[in-house]
Amino acid sequence: MNERYDFKAIEEKWRRRWEESDLYSTRELPDLPKRYVLVMFPYPSGPAHIGHVANYNLGDVLARYLRRKGFNVLHPMGWDAFGLPAENAAIRSGVHPAKYTWDNIALLKEGLQRLGYSYDWGRELATCSPDYYRWTQWLFLRFLEKGLAYKAEGWANWCPSCRTVLANEQVIAGHCERCDTLVEQKALSQWFLRITAYAERLLEDMEELKGWPESVLTMQRNWIGRSEGCEVVFRIKDRDIEIPIFTTRPDTLWGVTFFLLAPEHPLVDELTRGTPYAEEVARFRERLRGVSNIERTAMDTEKDGVFTGAYAVNPVNGEEVPVWTANFVLMEYGTGAVMAVPAHDQRDFEFARKFGLPIRVVIQPPEGTLRAQEMTEAYVDPGVMVGCGDFDGMDSEEGKLHAVPDLLEERGWGKRTVNYRLRDWLISRQRYWGVPIPVVYCPECGLVPVPDEDLPVLLPEDVEFEFEGPSPLERSQEFRRTVCPRCEGEAERETDTMDTFVDSSWYYIRYASPHCEEAAFDHEAVRYWLPVDQYIGGIEHAIMHLLYSRFFTKVLKDLGLVDFSEPFTNLLCQGMVVMGGAKMSKSKGNIITPEQFIDTYGADTLRLFILFLGPPEADKEWSDSGIEGAHRFLNRAWRLVYRYLDVLTLKTQPVPRDSEALKRLSHLTHRTIRKVTEDIERFAFNTAIAAIMEFTNGLYREMEAAPDAFNTYEGHEALRALVLLLAPFAPFIAEELWEELGGEYSVHAQPWPEYDPQLARAERITLVLQVNGKVRERMEVDADVSPEAMEEIALASRRVREHTAGKEIAKVVVVPGKLVNVVVR
RNA sequence: GCCGGAGUGGCGGAACAGGUAGACGCGCUGGUCUCAAAAACCAGUGGGGGCAACCCCGUGCCGGUUCGAGUCCGGCCUCCGGCACCA
């Protein structure tokens, strides 16, 4: 054995050996229990990043551990390979998106392979490959058949820089998620997936997601934004128009003093056309045009609006109230029309005060009496209903939940409804590098889906990339011109491609049978592997990717294609690697590449160090000097095995079976196995590594003190345990040391070591003696000391007596095996 | 504003069920080896006081419960993340 730890040679050697022996290839083994460990696949934007390492480390440790616990583990890797950066690169530098993408995949794959992750590379997939997107298209057609995909005219979020539409979820504070450009509203005909049809189930089924972080569930719950209330129909005075509104406060219907419409509401035009109000309404809309939807509806934007000249009739009391249009009313939520109750809604209150509209109190608080003129803000809490006809004196909660809704339903004025904040998922993108939406427009037959047998609709390779103007697919006559599958006449293809979140909404199922050519996936394989037992990824996907994937899974279940309704049983959201508390980014110039550290210290050191930085869910502060500590530790482990092998060649004195050294050695070994096992089970990889370090330090000390004790069963066991425990974290060095110890190939196929609880238990413990809760002495005693003996020891202790002298002992608290607290007065 | 999460040495972090605060690592200080340095190894390292034995203080702040609180409860402060005129 080489005295020096030559990580370069070792890592190269084993990378090759593992590949040659197909160590990580997986197949269905029905007799073995399975585990599916998946880390969110990356977008191949270039070489591996330190964030990738932090991510993929977690999945790899878990996969390696579970294999050795006897599970058949699926641990695949692939590429989320469609998307804008590739196309932007094409526009900037003329490289074809396909080449850009495949080159980056090669780079990233090389990086991941250097790190020694135990993926079954035979299952590699890329969403941009026709083998894959053919099935994305196939699934889209199933959605279309079920009415879950539809095309609609509407206002869409438009990013002028990316020149494409964005889903609501991709708009962050009014700006494009990718390029930070201010998002505009544009009227377009777009494809949507009807995720709102699944709002209720997406909400309900969260009950099942016991293995998800509460924070993610909360975020999804808020995003879906379920609210219960009533739809109430108002009539427009002197017109044959009825307009429903949504309210969560039917108990305040008697407090309505005006009525509001969203500025885009079609009724605004209808009501003002040809009236003296038309002009002012037009000016108001002009004023809003320069303002983005987001700014318009920001909390701190001042209330604004104009009167339409029309009056609405309140069904509950027949009152006529003025109809206004206001900036803060959203067309997309509810019905785009709102009843205004200024006394009990803060927004309406502000609006009323600004425009001098009446305020009428209909809910009185339990204490005190509200007077409209004196109010400085709306009263939104429950109270007693007043001025509400037959309901006077009723508790407002009772009115809101039962009495008023009952009245509305009896009289046919309205009904109970549920509203969601969630909108349908806009999937159209006016870009080239994505999955073509497989439909055709025929002048005769209209919109015709591409038949399954004609899939995939291939992306044409030969297209032009321009910064300005229509997308490459729109420009490509060759692509557009086609034949109607129904009438065989001339027709045109859809030129929109799909949002890349569609690709990633089902990739985890494809991994079960990545090469299946007859279907999107093989049912037997899916039944065996799915759902994903442990999903790992960034918190930034808390809403979009995870919600879309859940939606897809439910649709697939309803289509009878899968038999589970939630795709990810357990979810771990890992933190970012940061520097000086800030996210690493190209613009800050603080990007750390794994490459430089692998070259200097080796992949094992890098893996170990990042895991050691802190718990998975927390953000981790990078430190250049810290990594040397990890490297030092691996060197120590290496030299320990080297010295041990040396000790074995010496003539050693026989060691008595009951020697203290052997006892200490066994205890050290079994205690460490227990600690590391428990820590891995709860994802505390940082403390698991700390325990292995302590073990190493302990073995050094023992080897110094009693080298003879190592040429024994206990000595062998200790060294083997060290290597076996280290293997999931630092797979290369562990494999090499395992070979040196004469273990059979591979260390990664060895059963996980078991511990003996008897041996793991300490024989001696530190007994803590306290007086009034303050530690006054510690002493070593036998672990099985009785509580009575503990009390005796405490009361006999010189230091305890010093602190209790002259005082009355009120009570003695004994915590068996731990401490004694003597309480004095 | 609302909803999550977090505040512990010079630093990353540990303390998993209310019971030794600071494991492990980094950094720093001293030592061994060396002509010297590096590496390695050994010892020390929360703050204050004391010649010492020891004593006092200490987990964002204020208060509470308890024999005992980093951990539980109430009230604040700060930071991070999400949502944000959703009727």
Side-chain angles (χ1 to χ4, degrees), chain A residues 172-173 213-223 225-227 229 245-249 252 260 294 296-303 326-330 332-341 344-348 350-351 419-423 539-540 542-543 575 578 581 609 612-615 617-630 632-633 635-636 639 675 678-679 681-682 684 686-694 696-697 700 704 765-778 799 802 810-815 817-824:
Chain A
I172 308 297
E214 198 47 50
S215 59
V216 174
L217 295 176
T218 305
M219 278 193 241
Q220 293 209 353
R221 219 170 269 129
N222 291 343
W223 189 261
R226 181 182 202 272
S227 71
I245 56 98
F246 174 74
T247 179
T248 55
R249 292 295 302 273
T252 64
L260 296 169
I294 312 294
R296 195 189 97 197
T297 58
M299 250 288 254
D300 45 11
T301 303
E302 207 188 323
K303 303 283 175 290
N327 60 344
F328 65 92
V329 179
L330 305 170
E332 310 88 71
Y333 186 77
T335 60
V338 177
M339 69 180 207
V341 186
H344 306 294
D345 181 285
Q346 186 58 25
R347 298 155 298 181
D348 300 346
E350 287 167 29
F351 194 82
N419 239 298
Y420 300 92
R421 210 190 74 109
L422 183 72
R423 313 277 148 78
I539 188 77
E540 66 273 19
I543 297 170
V578 297
F609 174 61
F612 186 62
L613 277 175
E617 322 82 47
D619 283 350
K620 285 158 278 277
E621 181 69 35
W622 177 266
S623 128
D624 277 354
S625 56
I627 195 167
E628 294 197 30
R632 221 172 282 163
F633 162 66
N635 268 301
R636 272 169 74 78
R639 283 195 312 269
K675 172 77 177 152
E678 288 172 354
D679 282 358
E681 294 276 354
R682 62 187 180 103
N686 53 333
T687 52
I689 292 167
I692 301 174
M693 288 174 169
E694 277 184 84
T696 308
N697 294 343
Y700 256 95
E704 200 70 47
I765 54 150
T766 305
L767 180 62
V768 175
L769 305 181
Q770 297 181 332
V771 177
N772 283 355
K774 279 183 200 262
V775 178
R776 293 303 176 188
E777 189 165 23
R778 297 158 221 252
R799 309 257 323 110
E802 275 167 24
K811 132 173 167 185
V812 180
V813 181
V814 178
V815 182
K818 281 227 164 90
L819 66 71
V820 181
N821 186 15
V822 181
V823 185
V824 295

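The chains referred to below are lettered A, B, ... by the order of the sequence lines, with proteins before strands, and numbering in each begins at 1.
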In whole Å, what is the span from the CD atom of A:Glu617 to the C1' atom of B:G4? 15 Å
Given B:G82, B:C24, B:A87, the nucleotide with the shortest approach to the side chain of A:Ile543: B:G82
B:C67, OP1 or OP2 - any side-chain N/O from A:Lys811 closer than 4.0 Å? yes
Say you pick atom C1' in B:G70 and the same atom in B:C57; how far apart are they, in whole Å? 16 Å
Over all atoms of both residues, closest heavy-atom pair of A:Asn821 and A:Val771: OD1-C, 3.8 Å
Starting at atom OH of A:Tyr333, determine the distance to atom C1' of B:A84, rounded to an integer number of angstrom. 14 Å
Return yes if a side-chain donor-acceptor contact under 3.5 Å exists between A:Arg421 and A:Asn222, otherwise no. no
Rounded to whole angstrom, note down the P distance from B:G25 over to B:C79. 35 Å
Nearest-nucleotide comparison on RNA chain B, the residue closer to the 5′ end among A:Arg799 and A:Thr218: A:Thr218
Between the base of B:C86 and the side chain of A:Arg423, is one N or O donor paired with an acceptor at under 3.5 angstrom? yes
P spacing across the pair B:G68 / B:U20, given as an integer number of angstrom: 15 Å
Taking only the P atom of each, what is the distance from B:C26 to B:A40 in whole angstrom? 9 Å
Nucleotide forming a Watson-Crick or wobble pair with B:U20, both distances under 3.5 Å: none
At under 4.0 Å, does any side-chain N or O of A:Arg639 touch on OP1 or OP2 of B:A39? no
Could you tell me whether B:G13 is syn or anti, where syn means a glycosidic angle within 90 degrees of zero? anti
Please report the distance, rounded to the nearest Å, between CG in A:Leu217 and P in B:G4. 13 Å
Is there side-chain contact between A:Ile245 and A:Val338, with at least one heavy-atom pair below 4.5 Å? no
Taking a pair to mean Watson-Crick or G-U wobble geometry with both distances below 3.5 Å, B:A15 pairs with none
I'd like the P distance from B:G5 over to B:C56, given in whole Å. 38 Å
I want to verify a distance call: between B:C24, B:C56, B:C86, whose nearest atom is closest to the A:Leu330 side chain? B:C86
Side-chain atoms of A:Arg421 come closest, of B:A21, B:G19, B:C83, to B:C83
For B:C2, the Watson-Crick or wobble counterpart (both distances under 3.5 Å): B:G82
Identify whether any heavy atom of A:Gln770 sits under 4.0 Å from a base atom; if not, whether one sits that close to sugar-phosphate; answer base, sugar-phosphate or nothing. base
Measure across A:Ser227 and A:Thr248 and return the closest heavy-atom pair with its distance rounded to 0.1 Å. OG-CG2, 4.0 Å
Of A:Gly629 and A:Arg636, whose nearest nucleotide on RNA chain B comes first from the 5' end? A:Gly629
Pick the P atom in B:A14 and in B:G22, then give their distance to the nearest Å. 15 Å
What's A:Arg776 touching, base or sugar-phosphate or nothing? Going by heavy atoms closer than 4.0 Å. sugar-phosphate
If every non-hydrogen atom of A:Met219 is compared with every non-hydrogen atom of A:Ala542, which pair is closest and at what distance? SD-CB, 3.8 Å
Report yes if some heavy atom in the side chain of A:Phe609 is under 4.5 Å from a heavy atom in the side chain of A:Trp622; otherwise report no. yes
If every non-hydrogen atom of A:Gly575 is compared with every non-hydrogen atom of A:Asp619, which pair is closest and at what distance? CA-OD1, 3.4 Å
Using whole Å, what does the distance between atom C1' of nucleotide B:A39 and atom CG of A:Asn635 come to? 10 Å
Rounded distance (Å) that lies between atom P of B:C86 and atom CZ of A:Phe328: 9 Å
NA contact type, A:Arg632, heavy-atom cut-off 4.0 Å: base, sugar-phosphate, or nothing? sugar-phosphate
Under a 3.5 Å cut-off for both distances, is B:U71 Watson-Crick or wobble paired, and to whom? none
For B:G7, give its Watson-Crick or G-U wobble partner with both distances under 3.5 Å, or none. B:C77
With B for base contact, S for sugar-phosphate-only contact and - for none (protein heavy atoms under 4.0 Å), nucleotides 6-13 of chain B reads ------BS
Quickly work out the A:Arg249 CZ to B:A87 C1' distance and round it to whole Å. 11 Å
Side-chain touch A:Val812/A:Val823, heavy atoms, less than 4.5 angstrom: no
Please evaluate residues A:Arg636 and A:Asn697 with respect to the criterion side chain to side chain contact (heavy atoms under 4.5 Å, CB included), reporting the C-alpha separation (whole Å), side-chain torsions for both, the decisive distance (0.1 Å), and the verdict. CA-CA 9 Å; A:Arg636 272 169 74 78; A:Asn697 294 343; 2.7 Å; yes
Ring pair (Phe, Tyr, Trp, His ring centres under 6.0 Å) evaluation trace for A:Phe351 with A:Phe328: CA-CA 10 Å; A:Phe351 194 82; A:Phe328 65 92; 5.8 Å; yes
Distance, P atom - from B:G18 to B:C73, rounded to whole angstrom: 11 Å
Spacing of A:Leu819 atom CG relative to B:A69 atom P, expressed in whole Å: 12 Å
Pairing partner (Watson-Crick or G-U wobble, both distances under 3.5 angstrom) of B:G58: none
With a 4.0 Å cut-off on heavy atoms, is A:Asp348 in touch with a base, just the backbone sugar-phosphate, or nothing at all? nothing
For B:A87, the nucleotide meeting Watson-Crick or G-U wobble distances (both under 3.5 Å) is none
Do the side chain of A:Asn821 and the base of B:C67 come within less than 3.5 angstrom through a donor-acceptor pair of N or O atoms? yes
Picking from B:G19, B:C67, B:A87, the nucleotide nearest the side-chain atoms of A:Val823 would be B:C67
Take atom P in B:A38 and the same atom in B:U32, then report the distance between them in whole Å. 14 Å
Looking at A:Arg347, does any N or O in its side chain come under 4.0 Å of the phosphate oxygens OP1/OP2 on B:A84? no
Decide yes or no on side chain to side chain contact (heavy atoms under 4.5 Å, CB included) for A:Gln770 and A:Val815, but give the supporting numbers first. CA-CA 11 Å; A:Gln770 297 181 332; A:Val815 182; over 6 Å; no
For the pair made of CG in A:Leu767 and P in B:U20, what is the distance, rounded to whole Å? 12 Å
Indicate, with a heavy-atom threshold strictly under 4.0 Å, whether A:Val768 touches base, sugar-phosphate, or nothing. base
Tell me which nucleotide, if any, is Watson-Crick or G-U wobble paired with B:U45 when both distances must be under 3.5 Å. B:G27
A:Lys818 vs B:G18: side-chain N/O to OP1/OP2 distance below 4.0 Å: no
